[in-house]
Number of protein chains: 2
Amino acid sequence: MASTWSMGPGTLEIPLSLFAKNRNRLAEKLKSGQVVVLQGGDSIPHYDTDVEYVFRQEPYFTWVCGVRDPGCYFALDVATRKSYLFVPRLPIDYEIWMGKLLSCEDFKKLYAVDEVYYVDELATILQGLKPETLLTLCGVNSDSGLTAKEAIFEGINEFKVDNETLFPIIAELRVIKTPEEIEVLRYVCKVSSDAHKKVMLYAKPGLQEYQCEAVFLEHCYRAGGCRHVSYTCICGSGHNAATLHYGHASAPNAKTIAPGDMCLFDMGGNYGGYAADITCSFPANGKFTEDQKLIYEAVLFARDAVIREAKPGVLWPDMHLLANRTMLEHLKKGGLLKGDVEEMINHGIHGVLQPHGLGHLLGLDVHDVGGYLAHCPARPPGPLRRLRTARALQPGMTLTVEPGCYFVDRLLSEAKNDPEQSQFFNWDMVDRFRNFGGVRIEDDVLITETGVENLTFVPRTVAEIEEHMANGANFK
Amino acid sequence: MASTWSMGPGTLEIPLSLFAKNRNRLAEKLKSGQVVVLQGGDSIPHYDTDVEYVFRQEPYFTWVCGVRDPGCYFALDVATRKSYLFVPRLPIDYEIWMGKLLSCEDFKKLYAVDEVYYVDELATILQGLKPETLLTLCGVNSDSGLTAKEAIFEGINEFKVDNETLFPIIAELRVIKTPEEIEVLRYVCKVSSDAHKKVMLYAKPGLQEYQCEAVFLEHCYRAGGCRHVSYTCICGSGHNAATLHYGHASAPNAKTIAPGDMCLFDMGGNYGGYAADITCSFPANGKFTEDQKLIYEAVLFARDAVIREAKPGVLWPDMHLLANRTMLEHLKKGGLLKGDVEEMINHGIHGVLQPHGLGHLLGLDVHDVGGYLAHCPARPPGPLRRLRTARALQPGMTLTVEPGCYFVDRLLSEAKNDPEQSQFFNWDMVDRFRNFGGVRIEDDVLITETGVENLTFVPRTVAEIEEHMANGANFK
């Protein structure tokens, strides 16, 4: 029986016990008589064609069983703790086009589940378990506003279905990572860190931004077995660095990197479904100007402060404000801002310069679930509304720490026209930065019993970056 | 006004007149009073999250206007030949997250269309055109069985809608490529050919198949500006080469390449929506064994015969049979088969060894539209049913020519158990090939006035491949 899964030599062996542990943790929160039913993802065609996107499994489904094939269902009988996988019954021609037809016995070994049947047997097998209630997944993702994929199948109407119990329980369990999950996150962060370091050697003025994306993707896949990245690569140079989610089809990383540009590259691999999410900001030509150093260190010191202070019990909004204050303090020292920092916060200056939250939970989703569950602190008002969680930190949480400082034209113009906000800026100096873009420093961290373990290994100080990039001259 | 689009220095400048020409060709087939309305593609989230697949535009929409943004509509007024683009009205915060908010005037310049409005103005603007009928797209893709994305919008019920006229006309127009489109296909085939050549230098025993995929993807993107490939890379080595669409999530190119393996790598870049689709087969260690050479040359000679004979007026099924006969003849010479080749065809031996059609139309879809339109020859019965078209060749068609020879366990076992088929095989020899996998050679070709122009530039003969791969020792 397979006891691990990996992409082959040199890549991480994920123990299948990771998924068994997840579903056991789930069973412990539920009652006999309940049977959990989850529906996995389906392949998505390119419009009306017979070509499909490379399949990505639904993350709750991955969490509970680690199955990588489309078209499956999974059931967990709480009474017996038995796991049931249901796979599509494929036509015999599948073998010619898609590969060896696996038997139920093969799937049982492959995924280390207790029993495997075909999807067309799902209703019958569930009937045999005589459940009091089927628990299906239904709940709103607080980042997107979209609803989780709820299981639906022929015959479900003959069961008593409860679609409220499961979501908050499983989402909460996903927030706290097991040691096995942390190993996977550690791995994917290491691979992604290495890929960022490679990109920093490669990047230089004259290249197109997307050429750096290509180098990142190649390293994650070839050297780390990461077929997917966790989100569309954001490769902003110069003014594009001020666009937080740059890189999509309408702004496709296609600017030529210019000599004086800062690069802001936000990219993360994905392994076994688990996401990395790392941002490096650096000067295109490998040496910081004084202006670049000012902004960069304002953000770096904000990151340092959070890494130093974050620990169990601390509230995430307090970490956000700590980062903001640290950054504003440094920008004031540098002459960009003036006045009292607390007054700046009261007047929303932090939201002008960093119009996003400090970071987010990280796991099978890059913006991982559980940020605003019913038992957690509600979304704060005002400039903190963009925070993706307001929770107190707990050991086993993994999050991004990603302070940033951006020069967004519209936000600066609005601030300049607002007498209350305007007074805090030295406009002569700010106007020099109008085309600067921005800086973001994003680490992936684990909350431990006593503080933070940083899973990210990239050059971070000005000296480290300049030293690393000096080797770029030898890059092939 | 932008007159071209490209991914920057070193990549092809696609003239926007390509799309204007397409819609003018369309208008010529239609009547005054008709207004064409197409709906572009929408972004697809990863399940319930706020992360999306990198957007790919709907191919009919690309064909008519080349617009790369999600959420748009396009209209063409046949009477005036005027083109109308409708873009989403985005919230002002878009600027912070996604980039500069383009005005309608900006879009007009970007895509060289006559008028641009917001999507919420679509019904009103169309009313102003006073159309007798709106033509929408509705028709079945003969490769997938799926239906084209038909435009739908609030207020459409107030129009007389005809969803039958447009599909066969636009699909037929897509079959014959304009010189401008051919230039794009030429480019993407060249980029993809170069990427294949790089992979052949890189590939060697001990690597994972997907590492070769990673090198291909990187080259297409970094050197050619191809953010997408046209389909999931098929990187089969050894027995996996017998799985025609290997490489998907359940069979993810994750075998270690072994010293005696043939590699069958079927991969194609995508530029501006236009697809390449190229297969190279080669021995993993760079030198053909006698057995490998036998199968390879049987397929190569089949390809050569088709390239020699294909020209306007020739029926594609005849080309398919020419390839089959040539291959069977060579396998007979090599001792793998025995008996009369015509008898083999009559008994379906060609379908045992090549269970797919000779090739397919190629364009904005990798399996391009127009294979079985109503005015074309119907799908043939028997072993030829897998052909994706049965049409007569015409100048301006672009197709793949992709004969193959595979040792598919189940098909061979069935043939061995069938006395009618069994007699044609020398089973002692065939059984030696049971784990061989297969060979496919796939070129992308243009039908010219007199024959074929091959758009594919990769080493093809045994000598060429061995010579090319000998340089792999120097590959970094």
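No hydrogens, no waters, no symmetry mates; every other heavy atom, side chains included, goes into these values. Just so it is clear: chains get the letters A, B, ... in the order the sequence lines come, proteins before strands, and each one is counted from 1.
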(request) Could you tell me whether the side chain of A:V366 reaches within less than 4.5 Å of the side chain of B:H46, counting heavy atoms only? (result) no

(request) Check each atom of B:F61 against the heavy atoms of chain A and say whether the ones under 4.5 Å are side chain, backbone, both or neither. (result) neither

(request) Select, from A:V140, A:T232, A:V408, A:D409, the one with the greatest count of heavy-atom pairs under 4.5 Å involving chain B. (result) A:T232

(message) Can you tell me which portion of B:I44 sits under 4.5 Å from chain A's heavy atoms? Options are side chain, backbone, both or neither.
(response) side chain

(message) Contact between A:Q208 and B:P9 at the side-chain level, heavy atoms closer than 4.5 Å - yes or no?
(response) yes

(request) Side chain from CB out, backbone as N, CA, C, O: work out which of these in B:P45 comes under 4.5 Å of a heavy atom of chain A, or both, or neither. (result) side chain

(request) State whether the side chain of B:Y231 and the backbone N or O of A:Y53 hold a donor-acceptor pair below 3.5 Å, judged by distance alone. (result) no

(request) Enter the distance from A:S250:OG to B:M98:CE here, rounded to the nearest 0.5 Å. (result) 7.0 Å

(message) Tell me the closest heavy-atom pair linking A:D50 and B:H367, and the distance in Å.
(response) OD1-ND1, 2.8 Å

(message) Is any side-chain heavy atom of A:N240 closer than 4.5 Å to one of B:K100?
(response) no

(request) Using modelled atom types only, decide if a donor and an acceptor are shared between the side chain of A:R410 and the backbone of B:I92 within a distance under 3.5 Å. (result) yes

(request) Heavy atoms only, distances under 4.5 angstrom: which of B:G247, B:A251, B:G206 has the most pairs with chain A? Name it, please. (result) B:G247

(request) Check whether any side-chain heavy atom of A:Y210 sits under 4.5 Å from a side-chain heavy atom of B:R227, and report yes or no. (result) no

(message) I'd like to know which of B:E52, B:H228, B:H356, B:E58 tops the heavy-atom pair count under 4.5 Å against chain A.
(response) B:E58

(request) Pick one of side chain, backbone, both or neither for B:D93, based on which atoms fall under 4.5 Å of a heavy atom in chain A. (result) both

(message) Could you check whether B:E213 pairs with A:R222 (Lys NZ or Arg NE/NH1/NH2 to Asp/Glu carboxylate O, under 4.0 Å)?
(response) no

(message) We want to know whether B:D365 and A:T49 form a side-chain donor-acceptor pair, criterion being a heavy-atom distance below 3.5 angstrom.
(response) no

(message) Under 4.5 Å from any heavy atom of chain A, what part of B:C226 do you find: side chain, backbone, both or neither?
(response) neither

(request) Please look at B:S43 and chain A and tell me whether the side chain, the backbone, both or neither of the residue comes under 4.5 angstrom of a heavy atom of that chain. (result) neither

(request) Taking A:E218 for its side chain and B:A214 for its backbone only, find out whether a donor-acceptor pair lies under 3.5 Å. (result) no

(request) Select one option (side chain, backbone, both, neither) describing which atoms of B:A242 are under 4.5 Å from chain A's heavy atoms. (result) backbone

(request) Among B:H239, B:R388, B:K255, single out the residue with the greatest number of heavy-atom pairs under 4.5 Å to chain A. (result) B:R388

(request) Under 4.5 Å, counting heavy-atom pairs only, tell me which of A:F55, A:Y406, A:F216 racks up the most with chain B. (result) A:F55

(message) Could you check whether any side-chain heavy atom of B:V51 comes within less than 4.5 Å of a side-chain heavy atom of A:R56, counting everything from C-beta outward?
(response) no

(message) Heavy-atom cut-off 4.5 Å, strictly under: side chain, backbone, both or neither for B:D368 against chain A?
(response) neither

(message) Donor-acceptor pair, distance only, cut-off 3.5 Å: does the side chain of A:S144 make one with the backbone of B:D48?
(response) yes

(request) Pick whichever of B:L102, B:L217, B:T147 has the most heavy-atom pairs under 4.5 Å with chain A. (result) B:T147

(message) Quick check on B:I96 against chain A: is it the side chain, the backbone, both or neither that has a heavy atom closer than 4.5 Å?
(response) both

(message) Using heavy-atom distances under 4.5 Å, tell me whether B:Y47 contacts chain A through its side chain, its backbone, both, or neither.
(response) both

(request) Could you have a look at B:A254, B:A148, B:A223, B:S230 and say which one has the most heavy-atom pairs with chain A under 4.5 angstrom? (result) B:A148

(message) Please check this pair: side chain of B:H248 against backbone of A:V54, looking for a donor-acceptor N/O pair closer than 3.5 Å.
(response) no

